[in-house]
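What follows is one structure encoded as structure tokens, with my remarks underneath.
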There are 2 protein chains.
Amino acid sequence: MSISNRQLEERKMRQDRILLGALDVFKDKGLDGATMDEIANSSGFGKATLYYYFKSKEEVLSAILEDGWRNIWESLEPVIAEQDSPRKTFVNVLIKIAENAQNRPGLFEFLFNVPKAIKLDKQPWKDYQHRLYAVIQGLLEDGVKKGEFPQVDPQLMFKALGGLFMGLVFMGDRKEPVTDKDVESLLNELITDPKINN
Amino acid sequence: MSISNRQLEERKMRQDRILLGALDVFKDKGLDGATMDEIANSSGFGKATLYYYFKSKEEVLSAILEDGWRNIWESLEPVIAEQDSPRKTFVNVLIKIAENAQNRPGLFEFLFNVPKAIKLDKQPWKDYQHRLYAVIQGLLEDGVKKGEFPQVDPQLMFKALGGLFMGLVFMGDRKEPVTDKDVESLLNELITDPKINN
DNA sequence: ATATGATTCGAATCTTAAGTCGAAATTTAA
DNA sequence: TTAAATTTCGACTTAAGATTCGAATCATAT
């Protein structure tokens, strides 16, 4: 016998535990400030063990990002799949994203903010990111075309959303996480349905 | 005789030159990626000379940020001082910021993005940043209260406008100065003014 | 002209943190 | 039971890069 199924699962759990600890340290100390020693402590393993599960510090970071983005994307797929009006789908997508954010707030903020600090491309998670942006952009354009949104330039709308969701806040500083209240007001106040409106 | 006036000025010029070179490197390589050797090259001094003018790499960064933020703040003070309606003042503030950004685009993007990557507080430039934040937030709140803006949660509007404005100023390669019309349409396109609306 | 102080710099040192090593502990499977 | 495979880890090595040193150059004032 080689590797049992349970063994694989346990290995995965340990990896996840490492990733969890690493996320804490990354958030606290920043990408470069975080050391493998701290990550080892924070995740409850010895430093060398980290290298048994991951090739490098960079790979630890990559794993966090890819896991996170894949989860977001996979949670969105069904919402996108069911063919609704652009507006309905758009709303559902936002709600689903907010849901994700609620489940793991720290991770979510990290996922949306870290890409700005990263230099090298060819990261597999960027693919998920681009897909998500493309979908949102497309929904906005379709919705506006069909008159389901106010006549807002989709580009502008997208950037405004960026302000909300990607922590691209005016002062680079206070990056409070997005709450479901934010999303609700966004829906109710920013995107009042013109048909309903008057 | 101790230090002549001209000597002081020249010293300041050399410091500025270092800061200029440092900014290039920081933008290119990131805060941690930048090395003092590169900064030395890029500014045309020997490495040890940098330490004659600045105590540490961190102090070089601090100097860039403090200089930059102080300049922004000082250029805004007169605009804020003249007592106009919140909306007018708000628009003028945005215009003035855009003006600054146009003058030294690289610096401004840096100023607005770097804080996200910085950990330690007690930075003097944060004071300017907070003052600016408070002013804008206040103008939004007053404006909403007086019905000069749509009835949107000022927090929310702040975040959304953040995304929009950053996009307007930093993205794209627009060379013409941002006008008050730009800023107004930015307001109007995102959120239709309730007075005009119905 | 020369002493004092300001400025410059490359080489040497010091620090930090990533990544490796090899031995030990634990688990698995016969 | 026991040997092979898996997992764990602290100590070590090493590379990069920040900071310091000390000597050389340049400016200025008497």
Side-chain angles (χ1 to χ4, degrees), chain A residues 1-65 117-120, chain B residues 1-65 114 117-120 123:
Chain A
M1 268 297 90
S2 50
I3 317 112
S4 96
N5 205 44
R6 174 185 55 74
Q7 266 171 318
L8 278 181
E9 270 174 37
E10 285 189 350
R11 204 184 291 189
K12 188 117 186 25
M13 307 223 84
R14 281 175 230 130
Q15 287 181 340
D16 284 349
R17 191 175 286 236
I18 291 173
L19 261 29
L20 230 33
L23 177 60
D24 282 345
V25 180
F26 278 132
K27 281 198 304 175
D28 191 36
K29 301 294 174 62
L31 298 192
D32 291 278
T35 73
M36 288 302 261
D37 280 294
E38 288 173 302
I39 294 176
N41 279 339
S42 135
S43 60
F45 291 94
K47 177 158 66 148
T49 305
L50 302 190
Y51 285 91
Y52 181 75
Y53 288 100
F54 297 95
K55 201 159 61 228
S56 66
K57 176 179 166 184
E58 191 181 317
E59 200 178 278
V60 171
L61 176 59
S62 279
I64 291 176
L65 295 172
I118 286 215
K119 289 287 146 183
L120 276 308
Chain B
M1 267 299 88
S2 48
I3 318 108
S4 97
N5 206 43
R6 175 186 54 75
Q7 266 170 318
L8 278 180
E9 270 174 38
E10 286 187 350
R11 204 184 292 190
K12 186 116 186 29
M13 307 222 83
R14 280 175 232 130
Q15 287 181 339
D16 284 348
R17 190 175 288 235
I18 290 172
L19 261 29
L20 229 33
L23 177 59
D24 282 344
V25 181
F26 278 132
K27 280 197 303 175
D28 191 34
K29 301 294 174 62
L31 297 192
D32 292 277
T35 73
M36 289 302 260
D37 280 294
E38 287 172 303
I39 294 175
N41 280 340
S42 135
S43 60
F45 291 93
K47 180 160 56 154
T49 305
L50 303 190
Y51 285 90
Y52 181 76
Y53 288 99
F54 297 94
K55 200 158 61 224
S56 65
K57 178 180 164 183
E58 190 182 318
E59 200 178 279
V60 172
L61 176 59
S62 279
I64 292 176
L65 295 171
V114 126
I118 286 215
K119 288 293 140 183
L120 275 308
Q123 307 266 8

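Keep in mind that what you see is a predicted model, and the values were worked out from it rather than measured. Below, chain A is the first sequence line, B the second, and so on; all start at residue 1.
Following rounding to the nearest Å, M36(A) (CE) and dC9(D) (P) show an atom-to-atom distance of 14 Å. With rounding to whole Å, R14(B) atom CZ is found 11 Å from dC9(C) atom P. With rounding to whole Å, I18(A) atom CD1 is found 11 Å from dT7(D) atom C1'. Protein atom CG of N41(A) is 11 Å distant from nucleotide atom P of dC9(D), rounded to whole Å. Here the P atom of nucleotide dT20(C) and the NZ atom of K57(A) are 15 Å apart, to the nearest Å. Computed from coordinates, the Q7(B) CD to dC26(D) P distance equals 16 Å when rounded to whole Å. The CD atom of E38(B) sits 13 Å away from the P atom of dA16(D) (whole-angstrom rounding). When the P atom of dG17(D) is taken as reference, atom CD1 of I39(B) falls 12 Å away, rounded to whole Å.
The side chain of R6(B) places an N or O atom within less than 4.0 Å of a non-bridging phosphate oxygen (OP1 or OP2) of dT28(D). Note on R11(A): every side-chain N or O is 4.0 Å or more away from OP1 and OP2 of dT6(D).
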Exercise for review: Report the C-alpha distance between L61(A) and K57(A) in whole Å, list the side-chain angles of each, state the deciding distance to 0.1 Å, and finish with yes or no for side-chain contact (heavy atoms from CB on, under 4.5 Å).
Suggested key: CA-CA 7 Å; L61(A) 176 59; K57(A) 176 179 166 184; over 6 Å; no
Exercise for review: Please test L50(B) against I39(B) for side-chain contact (heavy atoms from CB on, under 4.5 Å), starting from the C-alpha separation and ending with a verdict.
Suggested key: CA-CA 9 Å; L50(B) 303 190; I39(B) 294 175; 3.8 Å; yes
**Study point:** Residue pair Y51(B), E59(B): steps toward the side-chain contact (heavy atoms from CB on, under 4.5 Å) verdict
**Key:** CA-CA 10 Å; Y51(B) 285 90; E59(B) 200 178 279; over 6 Å; no
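The stretch residues 25-35 of chain B comes close to DNA chain D through A34(B), T35(B), each having a heavy atom under 4.0 Å from the strand. Within residues 45-55 of chain B, the residues having any heavy atom under 4.0 Å from DNA chain D are, by residue number, K47(B), A48(B), Y51(B).
Heavy atoms only, all atoms of each residue included: G21(B) and S42(B) are closest at O-OG, 2.9 Å. Across I64(A) and F26(A), no two heavy atoms sit closer than the pair CD1-CD1, 3.8 Å. Annotation for M36(B) and S56(B): closest pair CE-C, 4.4 Å, computed over non-hydrogen atoms. For the pair K29(B) and A34(B), the tightest heavy-atom approach, listed with the atom from each and the gap, is CB-N, 3.7 Å.
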What side-chain donor-acceptor pairs closer than 3.5 Å can you find for residues 11-20 of chain B, not counting sequence neighbours?
| unit_1 | atom_1 | unit_2 | atom_2 | d |
| --- | --- | --- | --- | --- |
| R14(B) | NH1 | Y53(B) | OH | 2.6 |
| R14(B) | NH2 | E10(B) | OE1 | 3.2 |

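In terms of modelled atom types and a separation under 3.5 Å, the side chain of T49(A) and the main chain of Y52(A) share no donor-acceptor contact.
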